[in-house]
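Here the structure comes first, spelled out in structure tokens, and everything after it is commentary.
Worth saying up front: this structure is predicted, and the values here are computed from it rather than measured. Both ligands and their constituent atoms are indexed starting at 1 by order of listing. One is the number of the first residue; the rest follow in order along the sequence.
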Amino acid sequence: MSRFLSSAYRDMEAYVPGEQPRDRRYVKLNTNESPFPPSPAVVAAYDAEKGNVNLYSDPTAKALTEAAAEVYGRESRRLGGGDITPDMVIAGNGSDEILAFCVLAFFRDGGAAFPRIGYGFYPVFCNLFGVPFDEIPMKGEYEVDLHALAASSRNVMIANPNAQTGVYLPISDIEAIVSANKNRIVLVDEAYCDFGGESAVSLLERYDNLIVVTTLSKSRQLAGGRIGLAFSSREIVCDLNKIRYSFNPYNLDRAAIAAGAAALLDGEYFDRTRNAVAAERERLKERLSSLGFAVSPSLANFVLARREGISGEELYKQLKARGVLVRYLGGDLSDYVRITVGSADECDVLIEAVKEIIKEKNI
Ligand SMILES: *Cc1c(COP(=O)(O)O)cnc(C)c1O
């Protein structure tokens, strides 16, 4: 640390992203990326922008917000909600950027509340922007305290499915939180919703205090493209744009805008790949359970797992030594590892490594 750092940040702890090691090739099951390559339409869209990078990107990201409004509007109507128009959508440089904008725009006065087990970035953003927050203790191993969240006077951030357990709350539970107090914001982070949940976008028609955030990183093969989206009322999107234009108007580059739109519009590839991941997840759960693991009832593209006889940290290290990278989260979750659902081949390698460790340790 230099002696010049602002005093406000001297004690701040930054978010620690999952490892992206370059020392050897790993079976990489630690950061919830897709095991599939991007769709051919996405690759073509990226390529088509290569020759245009001398020009700034579109600050309104029109192609992307229009595609998002079309795709999520259809989903909203299917679930009994209303239309979504492009002015109800904002695009971010990853959904992390949108989460930051939301905390900055809406949470500074009322503070934030979120479940204690959740996405590690929420407290980090609150600390960065000086927002007070309450971490609501879990009710059981995997259960969030809905009642406490609904009763909190603070603005709520919640990942659905949960970012560490993968547990999904039905829309009726989300609605209970949103409707409990209409004078605060409820932000639902749906990074993992495409692997088995239903989006809360259909509630937007009835609640003007709801923000639904999603990302193209997990279910649309674009983690490295950095594309996030949020859906809300026109007024809230307008407020978020005020923050965005005050910070980085060209927050998405040309290729990201084009590729993001292409990914959203390639529904066939999206359905095929997300269904394959969901099927592989169920196979992984069964195999881990039969090897003596307690596995979270996840609807995401990962599972949280623990096993008698070995700590989360040791399991992580033993797997890494065998070329398989999983996420060790520590803290409240030091008994566990979080394992991304990889391809069938990658999951096979993981299971073989696990069997070897169990045998070697005689547990
Ligand atoms: C991965 C993830 C994000 C961030 O996604 P990006 O769009 O890649 O920034 C946000 N929220 C949750 C819960 C996530 O797991």
- Message: Please find the pair of heavy atoms, one from Phe107 and one from Ala112, that lie closest to each other, and give the distance.
- Response: CD2-CB, 3.8 Å
- Message: Quick check: Phe125 with Tyr15 (ring centres under 6.0 Å apart)?
- Response: no
- Message: Using the ring centroid of each side chain, check whether Tyr119 and Tyr122 are separated by less than 6.0 Å.
- Response: yes
- Item | Members besides Tyr250 in its Ile/Leu/Val/Met/Phe/Trp/Tyr cluster (side-chain heavy atoms under 4.5 Å) | Tyr56
- Begin from the C-alpha positions of Arg226 and Glu97 and carry the test salt bridge (charged side-chain N to carboxylate O under 4.0 Å, His left out) through to its verdict. CA-CA 9 Å; Arg226 311 305 306 128; Glu97 185 185 56; over 6 Å; no
- Query: Salt bridge between Lys242 and Asp239, side-chain N to carboxylate O under 4.0 Å?
  - Reply: no
Name each N or O atom in ligand 1 that is under 3.5 Å from a protein N or O, and give the partner atom and the distance.
{"unit_1": "ligand 1", "atom_1": "5 (O)", "unit_2": "Ser95", "atom_2": "OG", "d": "3.1"}
{"unit_1": "ligand 1", "atom_1": "7 (O)", "unit_2": "Ser95", "atom_2": "N", "d": "2.6"}
{"unit_1": "ligand 1", "atom_1": "7 (O)", "unit_2": "Ser95", "atom_2": "OG", "d": "3.0"}
{"unit_1": "ligand 1", "atom_1": "7 (O)", "unit_2": "Thr215", "atom_2": "OG1", "d": "2.5"}
{"unit_1": "ligand 1", "atom_1": "7 (O)", "unit_2": "Ser217", "atom_2": "OG", "d": "3.4"}
{"unit_1": "ligand 1", "atom_1": "8 (O)", "unit_2": "Ser217", "atom_2": "OG", "d": "2.6"}
{"unit_1": "ligand 1", "atom_1": "8 (O)", "unit_2": "Arg226", "atom_2": "NH1", "d": "2.7"}
{"unit_1": "ligand 1", "atom_1": "8 (O)", "unit_2": "Arg226", "atom_2": "NH2", "d": "3.4"}
{"unit_1": "ligand 1", "atom_1": "9 (O)", "unit_2": "Ser95", "atom_2": "N", "d": "3.2"}
{"unit_1": "ligand 1", "atom_1": "9 (O)", "unit_2": "Asp96", "atom_2": "N", "d": "3.1"}
{"unit_1": "ligand 1", "atom_1": "9 (O)", "unit_2": "Asp96", "atom_2": "OD2", "d": "3.1"}
{"unit_1": "ligand 1", "atom_1": "9 (O)", "unit_2": "Arg226", "atom_2": "NH2", "d": "2.7"}
{"unit_1": "ligand 1", "atom_1": "11 (N)", "unit_2": "Asp189", "atom_2": "OD1", "d": "3.3"}
{"unit_1": "ligand 1", "atom_1": "11 (N)", "unit_2": "Asp189", "atom_2": "OD2", "d": "2.7"}
{"unit_1": "ligand 1", "atom_1": "15 (O)", "unit_2": "Tyr192", "atom_2": "OH", "d": "2.5"}
{"unit_1": "ligand 1", "atom_1": "15 (O)", "unit_2": "Lys218", "atom_2": "NZ", "d": "3.0"}

